[in-house]
Amino acid sequence: KESNASFMPKLKQEQSFSNQLQPQASFKVAVLGAAGGIGQPLGLLIKMSPLVSALHLYDVANVKGVAADLSHCNTPSQVLDFTGPSELANCLQGVDVVVIPAGVPRKPGMTRDDLFNINAGIVKTLVEAVADNCPDAFIHIISNPVNSTVPIAAEVLKQKGVYDPKKLFGVTTLDVVRANTFVAQKKNLKLIDVDVPVIGGHAGITILPLLSKSRPSVTFTDEEIQELTVRIQNAGTEVVEAKAGAGSATLSMAYAAARFVESSLRALDGDGDVYECTFVQSELTELPFFASRVKLGRKGIEAFISSDLQGLTEYEAQALEALKPELKASIEKGVAFLHKQA
Ligand code: NAD
Ligand code: LMR
């Protein structure tokens with residue numbers, strides 16, 4: 001069962017807007033940065049999930065109103081709000097999945113790495129609290145630069161003695177969502193059927209869609225491959241420029257993050273057929289972190305889908321080699337941040 005085909009259609013099928021819906025499972029999900037551009041629509045989408053019994057919303061400000069608003073939706077989960085560092089520990093008690101979209105977004109002309117100085121500290125502080133209060137939770141890092149914030153989170157968890165590499169995920173689902181959309185549009189395919197693995201990292205050339213592994217199998221000209229690859233790599237910048245100073249992708253990101261949450265909850269609930277691309281500690285390449293498709297299970301990552309990296313086209317193989325130095329530097333910058341602080 002491909003996750004792409006399961007998230008929104010499943011919600012529709014099960015009439016999740018309806019108050020007749022009974023919860024199928026009872027997982028607790030926390031969103032840290034819940035009053036932000038991503039946090040608010042993400043809260044709404046998670047509120048629609050039949051797998052969630054409690055939705056904990058945390059931010060440094062403005063979260064009370066968001067929670068009051070969401071709590072009026074007649075779906076099963078209970079919504080609780082938590083404001084500021086003094087309420088963070090309570091927010092995290094008993095939580096199964098923690099999603100972190102806290103931090104500043106890009107403006108035109110900036111790279112994701114330009115966000116490092118502010119977001120590194122935010123992610124560090126939040127993951128310290130996760131380590132202290134819900135060390136067994138799945139942790140989904142959305143805050144940019146993901147290529148560095150995930151290694152930062154790993155180092156924090158190591159320092160706290162609770163690191164489980166199978167449960168720490170950089171959210172790269174938006175790259176897959178974009179690749180699926182753009183390929184379906186270009187090739188006139190039914191959107192629901194399209195699934196394109198995206199590997200590497202989450203910035204510029206480190207985002208590598210494996211178009212040769214698209215499902216259903218599609219033939220592309222060299223020009224189409226070049227055009228689609230560059231569009232997928234620059235899609236974040238496309239949105240940043242269109243928003244002209246008002247931030248970066250929020251709605252498509254919330255959609256993608258909600259899909260990754262739903263996949264994680266299905267895995268926690270025992271569904272044995274859940275696959276997602278995500279940026280995680282990995283041995284698929286010589287890099288310590290790498291995005292690839294993984295199989296998710298009750299304890300986190302159950303398997304790495306190494307076959308995606310076999311039989312790459314020459315274009316893909318070259319692009320993979322070309323992305324490694326940048327990705328390596330971003331990972332090392334994240335690790336070094338923690339050691340500088342120590
Ligand atoms: P935003 O500014 O609209 O919202 C961020 C929220 O984080 C705000 O509500 C803010 O109050 C909160 N916040 C700041 N410091 C905090 C702290 N210490 N604890 C808790 N909350 C805190 O930004 P946004 O558009 O929602 O984007 C958030 C982040 O997500 C950015 O870093 C952006 O680059 C990133 N992003 C990642 C992806 C991806 O694919 N992984 C996609 C889009 C955006
Ligand atoms: C995205 O891909 O949309 C995000 O990483 C936000 C950004 O800064 O581009």
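As the structure lists them, so they are numbered: ligands from 1, and atoms in each ligand from 1.
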In ligand 1, the atoms that come under 4.0 Å of a heavy atom of Thr250 are 25 (O)
In ligand 1, the atoms that come under 4.0 Å of a heavy atom of Ala249 are 43 (C), 44 (C)
Note: ligand 1 atoms sitting under 4.0 Å from heavy atoms of Gly37 are 1 (P), 3 (O), 4 (O), 26 (O)
* To do: Report the relative orientation of the aromatic rings in Phe260 and Phe169; use parallel for angles under 30°, tilted for 30 to 60°, perpendicular for over 60°.
  => perpendicular
NE2 (His56) and CG (Leu32) are apart, to the nearest 0.5 Å, by 11.5 Å
Quick note on ligand 1: atoms under 4.0 Å from a heavy atom of Leu115 include exactly 34 (O)
So CD1 of Ile100 and OH of Tyr58: to nearest 0.5 Å the spacing works out to 11.0 Å
Problem set entry | Distance-only donor-acceptor check, side chains Ser148 and Arg112, under 3.5 Å | no
min-distance protein heavy atom vs atom 37 (C) of ligand 1 -> Ile142 O, 3.0 Å
Separation between CD1 (Ile152) and CG (Leu126), nearest 0.5 Å, reads 11.5 Å
Separation between CD (Glu223) and CD1 (Ile225), nearest 0.5 Å, reads 9.0 Å
Nearest non-hydrogen protein atom to atom 29 (C) of ligand 1, with distance, is Pro101 O, 3.5 Å
Exercise. Could Lys186 and Glu227 be called an ion pair, given the rule that one side-chain N must be under 4.0 Å from one carboxylate O?
Worked result: yes
Between Gly201 and Asp175 the two heavy atoms that sit nearest each other are O-OD2, 4.2 Å
Rounding to 0.5 Å, atoms CZ (Phe279) and CD1 (Ile331) come to a distance of 4.5 Å
With heavy atoms and a 4.0 Å threshold, my read on which part of His202 contacts ligand 1 is side chain
Tightest non-hydrogen contact, residues Val274 and Ala267, listed as CG2-N, 4.1 Å
Atom 26 (O) of ligand 1 has as its nearest protein heavy atom Ile38 N, 2.9 Å
Per-atom filter on ligand 1: closer than 4.0 angstrom to a heavy atom of Val146 are 41 (N)
Looking only at protein heavy atoms, what sits closest to atom 18 (N) of ligand 1 is Ile122 CG2, 3.6 Å
Min over Pro105, Gly84, Ala102, Gly36 of heavy-atom distance to atom 23 (O) of ligand 1 lands on Pro105
Nearest non-hydrogen protein atom to atom 12 (C) of ligand 1, with distance, is Asp59 OD1, 3.3 Å
Here the atoms of ligand 1 under 4.0 Å from any heavy atom belonging to Asn119 are 32 (O)
for atom 42 (C) of ligand 1, nearest protein heavy atom and its distance come out as Met253 SD, 3.0 Å
Heavy-atom closest pair (Ser77 atom, Ala54 atom, distance to 0.1 Å) is CB-N, 4.1 Å
The reported gap from CE in Met253 to CZ in Arg178 (rounded to nearest 0.5 angstrom) is 8.5 Å
Filtering Ala34, Gly103, Ala35 for the heavy atom nearest atom 5 (C) of ligand 1 leaves Gly103
I'd like the atom pairs linking ligand 2 to the protein - N or O on both sides, separation under 3.5 Å - with distances to 0.1 Å.
residue, atom, partner, partner atom, Å
ligand 2, 2 (O), Arg112, NH2, 2.8
ligand 2, 2 (O), Arg178, NH1, 2.8
ligand 2, 2 (O), His202, NE2, 3.2
ligand 2, 3 (O), Arg178, NH1, 3.4
ligand 2, 3 (O), Arg178, NH2, 2.7
ligand 2, 5 (O), Arg112, NE, 2.8
ligand 2, 5 (O), Arg112, NH2, 3.4
ligand 2, 5 (O), Asn144, ND2, 2.8
ligand 2, 5 (O), His202, NE2, 2.6
ligand 2, 8 (O), Arg106, NE, 2.6
ligand 2, 9 (O), Arg106, NE, 3.4
ligand 2, 9 (O), Arg106, NH2, 2.7
ligand 2, 9 (O), Arg112, NH2, 3.2

Q) Can Lys333 be said to sit on top of Phe116's aromatic six-ring, NZ or CZ under 6.0 Å from centre and within 45° of the ring axis? A) yes
When distances are taken from atom 34 (O) of ligand 1, the protein heavy atom at minimum range is Asn144 ND2, 2.9 Å
Atom 31 (C) of ligand 1: closest protein heavy atom, distance to 0.1 Å, is Val104 O, 3.2 Å
Next item on the list: Please assess Glu321 against Lys324 for the test salt bridge (Lys or Arg N to Asp or Glu O under 4.0 Å), listing each intermediate value before the final yes or no.
Entry: CA-CA 6 Å; Glu321 287 316 305; Lys324 286 179 181 172; 2.9 Å; yes
Heavy-atom contact under 4.0 Å between Val171 and ligand 1?
yes
Do you see a donor-acceptor pair shorter than 3.5 Å between the side chains of Lys187 and Ser214? no
Side-chain H-bond candidate by donor/acceptor type, Thr206 with Asn147, under 3.5 Å = yes
*asked:* Using heavy atoms and a 4.0 Å limit, tell me yes or no: is Gly247 in contact with ligand 1?
replied: no
Counting from 1 in the order shown, the ligand 1 atoms closer than 4.0 Å to a non-hydrogen atom of Tyr58 are 19 (N), 20 (C)
